[in-house]
Structures are given as C-alpha cells and as structure tokens.
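The chain is numbered in sequence order, starting from 1. Counting starts at 1 for both ligands and their atoms, in listed order. Scope of the values below: all heavy atoms of this structure, side chains included, with no hydrogens, waters or symmetry mates.
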Amino acid sequence: MIDYTERIPNNVDLAADKTLQRALERWQPAFLNWWTGTGPVSSSALQVYLRTAISVDRDGWANFGFVRMPDYRWGIFLVPRDETRTIPFGDHQGQPAWQEVPGEYRSTLRRIIVTQGDTEPASVEQQRLLGMTAPSLYDLRNLFQVNVEEGRHLWAMVYLLQRYFGRDGREEAEALLERRSGDTNKPRILTAFNDPIRHWLAFFMFAYFTDRDGKFQLASLAESGFDPLARTCRFMLTEEAHHMFVGESGVARAIQRTCEMMRDHNAGDPAQARALGVIDLETIQRFVNFHYSATLDLYGSEVSSNAATYYTTGLKGRSGETKLTDDHKLTGAEYEVHEVANETIVSRSVPALTALNARLRDDYIREIQAGLDRWNRIPTQLGIPFRFALPHVGFNRRIGAFAGHSISPAGEVLPEADWNARQRDWLPSEDDHQFIESLMGRVVEPGKFAGWIAPPVRGINNQAVDFEYVRFN
Ligand SMILES: [Fe+2]
Ligand SMILES: [Fe+2]
C-alpha cells in the first residue's frame, strides 16, 4: 500500500532515506509552482472527478473521487520488486537485474531517463489552454486526468534521477521544470513536444498517436536491466492506457458526429459538412497525416548505432522482450528497413541490432492501423463512402531515412516543388486550424456536448454520461 501520511505518497519507503526525502521535498514546491504557472489554466479551484493510485495492486491503483488538482497526490509508485529478475537481453543477459546504476552506463542511462521525463511536463504545457474550450464536462475531466498523470510520470522520472544519480540527477530534475514547450531559448527536448496543441481535435490526435509512442517507449524501458527503471515504467503503462483511450474515442466521436450530420443532411463534400458545424472527414484525415508523421519522427533514425548500444548494454529492450522467443542478443539476425535510392523507395536488410528503432516503430504502426480500422467502421455503418488511411511512413518526415525527401502519402518520391504544391491537400493548413478553433466553445452543462462531437457511449467509472464530472462551485 501507499503511505498517504507522507508528504510525498510512495511505496519506496522514502522515510527510510532522509537525504532523498529532503531532496524530493525541496523539489515538490518547485513542481507545484510549475503546475500553477504552466499547467491547466484557471483550474485550481475546480473539483475534478479523478482517479488516484492508492496501491499498485490490480484493483487499487484507480481510486475515484473529487479532488482539487493542486491537492492531487502526485507520488512515487513502482511495481513490487521481483527478487529473481534477471537482465532479459543483451550482453548481460541472465545476470541479476541491476538495483543500482552500472557505472559504465551512467550517463547513457541518465540521458534516457531525462529524455523520457521531459516529454511528461511538455505535454501538460502543450495542453494548458484546452480546458477553456472543453466540449463537455466529461471531456474536461479526461483532459485533467491525463494532465495530472503526466505530472506523476514526471515525478516517476525525477525519483529515479534523485535516488540514483546524485548531484547531476538533482540538477537534471530542476532542469525538467525549467525547459518549456515551444520556448525558443529553453525548448523541450523532442520536436513533437514543442508544437502547440491548439484545439481539441489536435489534443485527441496527440493522445492517440503520441501517447501511444509513449506506450511503446515505456514498454521497451520496462524491459531494462536497470530494475528501478523497469518497475517504474511498468506502473506508468497502466496509466497510459487511459490516455490512448481518450485519444481514440475522442477522434471516433468527432467522426461519428460528422458522419451523422452528413447522412441526415445528405451532405457529400467538405464545405457542406463544415456548413453544418462539424469537422469534415478530409480535414480529419489531414490531422491523421500530420500527427502520424510527427510521431514517427520520435522513434529516431531507422538505422541507429545508439539503439544497438542501448540494447547490447541491457538498458533498453524491445517491446514485449521477455515474450519473444529468439536469442535476445540478435546475433546474425536481420531486419528490413526502407529508404530512398534513385528517386524510388527500396527495402534493404540490415543487422537487426541496428534496426531496433525501426522495429519498435513497426510494432507501433500495427496498433495505429488497428485503431484506424475501428474508426473506419463509423462511416461504413452510417453509409458514408469516406475511409481513413495512414500515409506512407516516408511522408512528411524530418528524421531518419526519409528526411529531406518529398514523399507523397501514397509513397511516391516527388520533386520538392510538386510536393509543396500539394501540401494543402495533405497537411492541416492555418485555415483548417482556424476553422476548427471556430467550433470550439466551452460546454459546462452536465450531459451537454459541443455540436461537433458525439457523446461517449458510457461515462467514467460506471458514472452516467451526464454526471457532473467537474464542479465549478
Ligand atoms: Fe506519460
Ligand atoms: Fe500519456
């Protein structure tokens, strides 16, 4: 169980480590300052129906009740230690999992933790203004749930830095509160976490595409030979599932509403849909194209010696590593990657060790495609001929084998001028953003929803859809 008599709830026996406890208690007011200054605007007086972890057991981690967000019990929760766990892959395979940082991998491991940790506050910053235009109380509550849990994920990484990395860990913990999403001088580390999230369609897309990248990164770190990191990430994964649900169901509800209006008013083209006050499916497809391609960049280069090093040194595994049945060293194994040669896209076999980023990305794409297939059932059922499709992996890429090439969504290598001329058809324009922003208006009456989005099928934690998920008094 988690000790809630502590200022910092935890299941790591913080009280027994006074130095660490003091360090974290010094960091806590800085975190609250960051939350108040850059977290959800005008939210501190609201009572929000949130889940809070009270234990890491199967049924104890989601405890629901009304909470003012500044009072949320951000804490440090790791899944319990398995004393028999061994390192599941790489050069150290079969050795007992590390309980302390191996000296020779210290800076690499710190970099991995800082990069993961940096995405958590970044997304809260990106979503800061969205509460002002929430399409319902149900959605407002979901946004805030995602925000407090990303805050807790920051705590999870800061615990590792302060507990295991001494002075430079403490400095990194402070720097995590100093960088800002989109700031020119002190930006967040990864590009996709510096783009603003301007409206709720972008938020849902981000939660679907980008939180799912988070899931796959956490899944590979959950296999790490560094046991405290593995245990931390395992618990984070339980929370991540809800974020992806918010994204997938949010986009689905927008599609649902659009298709219903198109059917009821016999509207075929995008302008007719827009005139009905819903987001046309063509525009939704452009957001799919953008968020998908921006998120693929987060996997890094398809062929990467860093990825190989992380694996052979036992720091970062493959997703589901322990369930895979090969030698867990990838000696002699090959993997197929794609690249551009002579203005066409060709495939090439490379050592599987160097292609681990591509492999993790391909695992991700399979799940993303499955969700798209679920979205496509909506127009199918409502008799609308439109179908969503993922663009080619090379489309609109800034990192990896396709960076610097002009690839169409269909996978043709185009002259740059041709690509630029057609960009308006493929990616959201300023006009698209402004149109969607024009639909955004805050709806706070319980059970009411903005006109551009359908209500959810059911509420949160078996509550009714018209439950008062956020109290304003
Ligand atoms: Fe997270
Ligand atoms: Fe998340």
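Residue contacts to the Fe ion (ligand 1): E120 brings an N, O or S atom closer than 2.8 Å. Using a cut-off of 2.8 Å, one finds that E150 contributes an N/O/S atom close to the Fe ion (ligand 2). Taking 2.8 Å as the criterion, D211 counts as a coordinating residue of the Fe ion (ligand 2), since one of its N, O or S atoms falls below it. Taking backbone and side chain together, H153 holds an N, O or S atom under 2.8 Å from the Fe ion (ligand 1).
The nearest N/O/S atom of E240 to the Fe ion (ligand 2) is OE2. H243 contributes atom ND1 as its closest N/O/S atom to the Fe ion (ligand 2).
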Name the atoms and distances for all side-chain donor-acceptor pairs under 3.5 Å in residues 246-255, with sequence neighbours left out.
from, atom 1, to, atom 2, distance (Å)
E248, OE1, R374, NH2, 3.0
E248, OE2, R374, NE, 2.6
E248, OE2, R374, NH2, 3.4
S249, OG, F245, O, 2.6
R253, NE, A454, O, 2.7
R253, NH1, D139, OD1, 2.8
R253, NH2, D139, OD1, 3.4
R253, NH2, D139, OD2, 2.9
R253, NH2, A454, O, 3.4

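Here R128 does not pair with E125 in a salt bridge; the nearest charged N to carboxylate O distance is not below 4.0 Å. Electrostatic pairing of E367 and K215 counts as a salt bridge here, judged by a charged N lying under 4.0 Å from a carboxylate O. For E100 and R106, the salt-bridge test fails: no basic side-chain N is under 4.0 Å from an acidic carboxylate O.
Defined by atom type and a distance below 3.5 Å, a donor-acceptor pair is present between the side-chain atoms of D227 and Q99.
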